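Reviewing the structure listed below.
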Amino acid sequence: SMNPVTATLDDARLMLSLPRTVGVDPATGDQIVAGVGKHGGYVAAGEVRAKLASPEAVFAVDVAEASELLAVARVAKAKRALSRGRRRRR
């Protein structure tokens, strides 16, 4: 995590470059972006977001890693949707 008191001009420029484009998700064709939100680092493509291991990972994540994280997030989102649908039918 970056300390605002000790941050350098280069650190500030790096933070201002966010969100950054990572590339195109091969599974969907959506553009992948990486950024830092109130809950930490994330990658997003379309309507799907996935949490990164650390806020610093936002600068190192590549297309392959981001695609894998987003695929896992899509499966989890689909499972939640199915679960909600089953509860409503009862």
Side-chain angles (χ1 to χ4, degrees):
S1 172
M2 197 175 297
N3 182 341
V5 175
T6 60
T8 65
L9 183 57
D10 287 337
D11 293 336
R13 285 188 179 126
L14 197 57
M15 291 304 292
L16 289 172
S17 71
L18 297 176
R20 76 174 182 90
T21 301
V22 176
V24 176
D25 188 345
T28 64
D30 291 332
Q31 185 174 1
I32 301 171
V33 296
V36 177
K38 66 181 181 178
H39 299 293
Y42 68 88
V43 289
E47 298 292 319
V48 179
R49 283 179 166 237
K51 185 174 173 133
L52 292 170
S54 71
E56 293 80 15
V58 74
F59 300 109
V61 67
D62 61 12
V63 173
E65 182 182 3
S67 298
E68 190 174 314
L69 291 169
L70 291 165
V72 170
R74 279 188 203 93
V75 169
K77 185 176 183 179
K79 285 182 179 179
R80 284 191 306 272
L82 284 173
S83 175
R84 277 187 236 122
R86 287 185 185 130
R87 276 188 253 148
R88 287 185 188 138
R89 285 188 228 145
R90 290 180 188 174

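This is a predicted model, so every value here is computed, not measured. Note that the numbering runs from 1 along the sequence shown for the chain.
Under the 4.5 Å side-chain heavy-atom criterion for ILVMFWY residues, a single connected hydrophobic cluster contains both F59 and L52. V48 and Y42 fall into different hydrophobic clusters, where Ile, Leu, Val, Met, Phe, Trp and Tyr side chains are chained together by heavy-atom contacts under 4.5 Å. No chain of hydrophobic side-chain contacts below 4.5 Å, direct or via other Ile, Leu, Val, Met, Phe, Trp or Tyr residues, connects L69 to V33. Linking Ile, Leu, Val, Met, Phe, Trp and Tyr residues whenever their side-chain heavy atoms come within less than 4.5 Å places V61 and V63 in a single cluster.
The shortest non-hydrogen separation linking K51 to H39 is NZ-O, 3.1 Å. The heavy-atom pair separating A34 from V22 by the smallest distance is CB-CG2, 3.7 Å. A pairwise comparison of heavy atoms in V36 and P55 identifies CG2-O, 4.1 Å as the closest pair.
Here CG of D30 is found 6.5 Å from CG of D25. Values are rounded to the nearest 0.5 Å. Atom-to-atom distance recorded for E47:CD and T28:OG1 is 11.5 Å, nearest 0.5 angstrom.
For R20 (side chain) and V58 (main-chain N/O), a donor-acceptor pair under 3.5 Å exists by modelled atom type.
Two residues are said to be in side-chain contact when any heavy atoms from C-beta on lie closer than 4.5 Å; V43 and E68 fail this criterion. L70 is listed as a side-chain neighbour of R74, based on a closest heavy-atom distance under 4.5 Å. Within the 4.5 Å cutoff, the side chain of T8 has heavy atoms near those of the D11 side chain.
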